[in-house]
Amino acid sequence: MLEVDSVNFSYQKEKVVKNISFRIDSGESCSIIGPSGCGKTTLLYLLAGLMPVKEGTIKINDNKLVGIRPKSGVILQNYGLFPWKNVYHNIELGLLARHTDRKMIEQKVKAVSSRLNIEDHLEKFPIELSGGQRQRVAIARTLVLSPDLLLMDEPFSALDTLTREEMQNLILRIHNRDNLSFVIVTHNIEEAVFLGQKIAIMKNGKFTHWLDNPYFGEPDLRNREEFFKISRQLRRLMAEDDLL
Amino acid sequence: MIKKFNTLWGVMIIFFSWLISHQLIGSNIIPAPHVVALNFINIFYPIILPHLFMSLLRILVAIIISLFLGVGLGLLIGMNNKLDLIISPVVYLLYPVPKIAFLPVFMLLFGLGNSSKIILITVIVVFQIIVTTRDSVKAISQEYFYSASSLGLSGIQIYQHLVFPAILPNILTALRITVGTSIAVLFYTENFAAKFGIGYFIMNSWSMVNYVEMFSGIVALSLLGLALFKLIDLLEDYFCYWVKAGNREGRPELR
């Protein structure tokens, strides 16, 4: 599905992504955890095609990534919703870009908004919504394009704990239902464990450790001892890297 | 209460301030407001309206030209750093030049009619719109551009769905400032080689020592400004509903 091979990236002369290689298969998920400024957002933007890959290669479904890929959905840290458009018009944006006809747009927007329980808010503007509702709109805007790969940049960092867990559960349900591959960048250990089948620790532009999470996707994982065990293991590895 | 009748409230404050000034000065240089009001009503249709219409035409044409030029150039230099480096120094050099002094030059180049007056208003107000547009474009968060690109929006669609809506509230604010400046410049231009226009009417009444008519002209000019401001408010209500939705979320009361 996604193959990243020896990718480097520099801002002017400062190297922020250093020799990153990894792969995830179709339907797999990957959490990338690290402190602010470690290069994880830049890496996600490279995977999304929002920044050009100058060194190394990224392949998705065996095709070399050059620019933005229509089947990759991106959810940004501050949702990226346009405040001047109501929920309906925010969700339809990607479909307009694909020149979908009006009737089809209406059907798709209604279907996705019903799926994400935001059908009562279609006329509202983002400023009139709670953080969780905004996040649902951001997810709806991406899902309406039927992506096969979801890339998320600290999507729940601005949410309170309860809403954050609710949104994590939502992402998991979407993953289970659509067999959607996703990469999530986070600085939250529990989130990395709950949403990551593979977990990478990133420091100073490099991956320092990889951790497999065989319990990913299991129901009620948060209440199970295995969840705490992997969280402790991740915490210990991060402490080894002087990140905690 | 004040919010609902804010224009009426403003009229009352000005009326009573004017009345007090009239009483204090005790001269017909500042006539009583009710006398001016009655005269304004009497002469509005036969005398003031043709002058007002001509002034409105000059202002509207100048503002429309300024908007096209200013927003166009502002978008161009706001979105393109290389062009910004080349064009902005020129804008900064020309912006502070007192262009009002060029009216005689414009009259020689473009004639004594409407063209020279419209061009003078345009060259004065266009800089406000260029600078506001450019700064507004530069202030758009990069995350919105990433968001638009990730959804697959094309260059034109990014202008249509992101850049233009994002800068519209600031353009309308610039337009409000532009209206005030335009009216001041209009008044000046209509003092030269004009037989129609509210500026001409005011100065002509003054030269005939008819202060009541002069003040009627000033009231007409003020109402012209008010009408234009209200029109901009309506445009804002319609096109920038989201700004008001945001304001409704509430701001803490200042103590």
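For the numbers below, each heavy atom of this structure counts, side chains included, while hydrogens, waters and symmetry mates do not. Quick note on labels: first sequence line is chain A, next is B, and so on, each numbered from 1. Everything numeric here is computed off the predicted structure, so don't read it as measured data.
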Note, [X] side chain near [Y] side chain (heavy atom, < 4.5 Å):
| X | Y | value |
| --- | --- | --- |
| Leu150(A) | Ile171(A) | yes |
| Leu96(A) | Leu151(B) | no |
| Ile63(B) | Ser182(B) | yes |

Which bit of [X] comes within less than 4.5 Å of chain B, counting heavy atoms only: side chain, backbone, both or neither?
| X | answer |
| --- | --- |
| Leu50(A) | both |
| Lys85(A) | side chain |
| Leu93(A) | both |
| Tyr79(A) | backbone |
| Pro83(A) | both |

Just by distance, with hydrogens left out, do Asp153(A) and Thr41(A) show a side-chain donor and acceptor under 3.5 Å apart? yes
Any side-chain donor-acceptor pair under 3.5 Å between Glu143(B) and Gln77(A)?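 The answer is no; no qualifying pair exists.
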So what's closer than 4.5 Å to chain A heavy atoms on Leu162(B): side chain, backbone, both or neither? both
What part of Ser149(B) lies closer than 4.5 angstrom to a heavy atom of chain A: side chain, backbone, both or neither? both
Any idea which of Arg69(A), Arg98(A), Arg141(A) has the most non-hydrogen atom pairs under 4.5 angstrom with chain B?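 Heavy-atom pair counts peak at Arg141(A).
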Ranked by heavy-atom pairs below 4.5 Å to chain B, first place among Leu151(A), Val74(A), Asn78(A) goes to Asn78(A)
Any residues in residues 73-85 of chain B near chain A, with a heavy-atom distance under 4.5 Å, and which are they?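 Within residues 73-85 of chain B, no residue comes under 4.5 Å from chain A.
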[X] vs [Y] aromatic rings, parallel, tilted or perpendicular, using cut-offs 30° and 60°?
| X | Y | result |
| --- | --- | --- |
| Phe125(A) | Tyr241(B) | tilted |
| Phe196(B) | His51(B) | tilted |
| Trp242(B) | Trp84(A) | perpendicular |

Mark yes when over 12 heavy atoms from residues, nucleotides or ligands other than Asp62(A) sit less than 6.0 Å from its CG; otherwise mark no. no
Does the Thr189(B) side chain pair with the main chain of Leu186(B), one donor and one acceptor, at a distance under 3.5 Å? yes
